Every structure is written in structure tokens, then in C-alpha cells.
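Take a look at the structure set out below.
What you are looking at is a predicted structure, and each value in this text was computed from that prediction instead of being measured. As the structure lists them, so they are numbered: ligands from 1, and atoms in each ligand from 1.
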Amino acid sequence: MLYTSTRNNSLRVSAAQAIAQGISEEGGLFVPCEIPEFTLSDIEKMVNMPYIDRAKTILKTFLTDFTEEELTYCVEGAYGGNKFTSEKIAPVVNVNGNENILELWHGPTCAFKDMALQLLPYLMTVSAKKTVDGKEIVILVATSGDTGKAALEGFKDVENTRILVFYPVDGVSPMQKLQMTTQEGENVAVCAIKGNFDDAQTAVKAIFTNDEIKAQLAKKDMMFSSANSINWGRLVPQIVYYFSAYADMVEQGRIELGDEINVVVPTGNFGNILAGYYAKLMGVPIKKLICASNSNNILTDFLTKGEYNRNRTFYTTTSPSMDILISSNLERLLYHISGNDDTLVKELMSQLNECGVYKVSEEMLGEIRHYFDAGFADEYQVRKTIQTQFNDYKCLLDPHTAVAVNVYYSYVKRTDDDVPTVIDSTASPFKFPKSVYSAVFDGTEVKMTEFETIDEINEVLGVEIPEPIKALKNKKVRFTNVCSKEDMSEMVFNLLNL
Ligand SMILES: *Cc1c(COP(=O)(O)O)cnc(C)c1O
């Protein structure tokens, strides 16, 4: 299996190269040159198979340059032991009727980013050995919350890697900040920066591409890499859980092998739902991929009308991981839907860069509509959905998942579609205790601290607190560094002892 770039069709690289490099030189994203196909009988074999084996079955079709031993090492390192608090890793839970929730937050940081970021460090170190042997990889991350913590937890104490995370000093939730500043591990460092997320992101990008810094690193046999969701190594682990969810639906007797399901995904950067698209192309009987957005509904507009226009108001919502106006992974969809037209993708991406807007042809829109449906939920609808799902089914949703559930209900109302549906649940409600608690109690202001609210949710609502959140209470804060954005490169040198 070889990979090419969305902006240069003639390029060919191995999986290891794509993962170690992260992004193609001309700025395009790596995509597989062909899509592996699974028959229903292949999928039937996954029923009653442990998650680790399901993962190996999928990964080995994409990572053909990895040996069987390497794949086993990677997958068992990521999902084995007791890193996940559910034996199923990503269990499917029936809520009511056709509504099923795929719980993707049983990993060490209680967000779905763990599904990929527990595996990525293994894929990356094995890839590096094959392509740039002997170098120490330095992962630089700018985060608005979830990615930073999940990357720290994934890379902690991984041989031949270091990880440095920068977060905006006032731009993350109190729980997220505590999760990062108490991070354990010998190869990790965390620093707050005076500025917002964009400042952190811009400064990290500048450090990445600074030749002088790169040369200094090279002298010490180090190189930078990135753990964000444009890396193929973060996308491929996500394809697995769509196969796994389908196998579980069969296992639970909710569908017969071959029956169609719908999938609803709370979407930000378009990584998660794109993995669902690959799963459908590979043979999972998915009828519609339903893209759920919050008030930042740029994707709803694009997937229904064909125009992507980022010249619009940006809203800060209770589902911050979906507050995004540029969904990077959409580029991969455009490439596949256009029949691998790299010239067109390049043109659309430069229009987006220069004018903030592009439009696709009627033909392409038709193709997109064949696979995708889309909708959005505003803040009022999110609160109401959290309240109703709890009152009716004792199912406590985090705000991101609530967006998806609300969009699912509107979809059913609009289409009368009665196909069994899997809704991705992307975070534990305990990561957003105040929003969730307030929603259940009709919008009343929460005056308690974060941990008081967590205990209250546990005692009053009777919902179990995940172990990693409980453990946070007694952890020591290790990182108190704050620096200005101008001093970030200096900070990188200090933290790496250069
Ligand atoms: C990152 C994230 C999302 C968005 O996922 P994408 O792959 O970027 O579309 C949704 N919910 C939560 C909780 C997240 O952390």
C-alpha cells in the first residue's frame, strides 16, 4: 500500500514515511492510493473478536510496510494492559430504539482523542526507525484543550520521543488545565503562553519551520514532528472503531449481518467522520454519515449547499472542540470525491487561503450528498438535549455528544429514516461538569467548584466518575511555566536542554 498527496498526485511514499513526515512537502495531506475492501464474511469474522484483533485486522491492510510483530507491539501497547477502563475499549450502548451510543472516551484522558493518540506514538516510533533511524522525535503541540492532554498521555515515557505542549493561559477549561499541569512522565513538558490559541498555534508553526532551530536539533540527533489530526497515523486508528461498532451491533443482535446503519459524528476538524467515510468505502454497510455541528455550522452549509465560506461569525460554545472554522481533513474528502483531482484540490485550497471561500460543482455536491447528511444544534438545543436524555433514559451526555444526539433527532424527524443508528460519543460528561450539571437542572448557575460539581453529579445524578478524573484530585502540579509568545523558542531550547 502506497500513499500519495492531495496536492501532488504523482508522489508515492510508504505508510512509515507518511506517518513520520506528517504532512507532504507541498502542503498536501497524505492519502492511501487504493482503498482496501472487506466482504461481509470478513466483517463477520470480527464479531466476537477482541478490539485489539479488530484493530490489527484493519491496520495491516493500510500499514503493509509494518511487520506482524511490529503491529502487535503497537496495538497491544496502545489498547492492552488496563489503559482503557472498558474491556471493549469502544463499547456500543443502546439508549432506546434505534439510538445507540458508541462510547469513545474510556481512555486515559476521557476524550475520544485517546483512540488515536494512544496508538500514534507507537506507529510513529516504528515509522521513524524505518525512515530516520536513531533520531529522537520532538513532538510540539499547541492545544486548546483535549489534544494536548491526550498527546501527553500517549507520548509519556515513549522511548526516543519528547513532547512539549503549549496552551493559552486563559484559554482552556480548569479541568483541562489541571489534566495537563499534573502530567507525569520523564519526557514531557507543559507551558502556558500569554495569548490565545491562535497565538500558540502560530508560534508553534514558526518554530517548526525555523531553519536555525531545526539545525540546532539536528546536531543533537533530534527532529520535530506533529501529533495533530492531519497525520495519517491519527486517522487510521479511527477507522477501526467503525468496523468494531458494526460488529458489536451484530453481536448484540440489533442488526443482521449486511443490514445498514447510520452514523452520527460530532464534528470539528472532520477527522472522525472522515474515518467513517473510509470505513464505508471499505465495506461497512453505512447508509448515511451524518455530520453534526454546533453553532459554528460551516460544515452544515458546505455539505448541503456546496459552498465553504469561513467569512462568518465565530462562536465560543460549550462544545469547544467543535469551535472551528477550518476543518483540515475536508481536503482529503475533496480529493476522493473529485476522483483524485489534485489540481482542483490545490485550486480550492488556495481560494480558501486567499478569499476564505470556495464552491464545488453540482456534480461533486451530488456525490457528497450521496454519502453525507448534515445538521447543527445551537446552545439552547444542546442544553435541552442533555436534560431530556438524562430525564428520559438516565443517559448523561457531554455537550459534544449532545450536539450529535440533537442532530440525529432532527434528521429522523425530517427523513423518517428508521435505520439503526450509531452516535459517536466523544467525551465523558465529567470533562465538562458545570455545563452538564447546569443543563440537567434547567440552566441554573453552578456556584460550586469543578470537583464539587463532579461529586454532586455522582451523588445526585448517580453517574459513576471515571478513574482518571477521580485521580486528578490528588495529583501534584508539576508545570507552572508561563511565557510570552516571543519567548517560546527560547522555552523550547530550555526544555530540551539545548
Ligand atoms: C476533537 C473533538 C471533536 C471533533 O473531532 P474531529 O475529528 O476534529 O471532527 C469532537 N468532540 C470532542 C470531545 C473532541 O475532543
Derivation and outcome, salt bridge (charged side-chain N to carboxylate O under 4.0 Å, His left out), residues E153 and K83: CA-CA 10 Å; E153 200 55 43; K83 284 184 168 171; over 6 Å; no
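For residues 230-239, the set of pairs meeting the side-chain hydrogen bond (donor to acceptor under 3.5 Å, both in side chains) definition, not counting sequence neighbours, comprises Y3-W232.
Between F270 and F372, the ring-plane angle classifies as tilted under the 30° and 60° cut-offs. Aromatic ring pairs are classed by plane angle as parallel below 30°, tilted from 30° to 60° and perpendicular above 60°; the pair Y277 and H336 is tilted.
Ion pairing between K88 and E103 fails under the 4.0 Å rule for side-chain N and carboxylate O. Checked for salt-bridge contact, D417 and K288 miss the test: no charged N lies under 4.0 Å from a carboxylate O.
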Filter the ligand 1-protein atom pairs down to N or O on both sides and distance under 3.5 Å, then list them.
from: ligand 1; atom 1: 7 (O); to: G271; atom 2: N; distance (Å): 3.3
from: ligand 1; atom 1: 7 (O); to: N272; atom 2: N; distance (Å): 2.9
from: ligand 1; atom 1: 8 (O); to: N269; atom 2: N; distance (Å): 2.7
from: ligand 1; atom 1: 9 (O); to: G268; atom 2: N; distance (Å): 2.7
from: ligand 1; atom 1: 9 (O); to: N269; atom 2: N; distance (Å): 3.2
from: ligand 1; atom 1: 9 (O); to: F270; atom 2: N; distance (Å): 3.1
from: ligand 1; atom 1: 11 (N); to: T426; atom 2: OG1; distance (Å): 2.8
from: ligand 1; atom 1: 15 (O); to: K113; atom 2: NZ; distance (Å): 2.6
from: ligand 1; atom 1: 15 (O); to: D146; atom 2: OD2; distance (Å): 2.9
from: ligand 1; atom 1: 15 (O); to: S321; atom 2: OG; distance (Å): 3.3

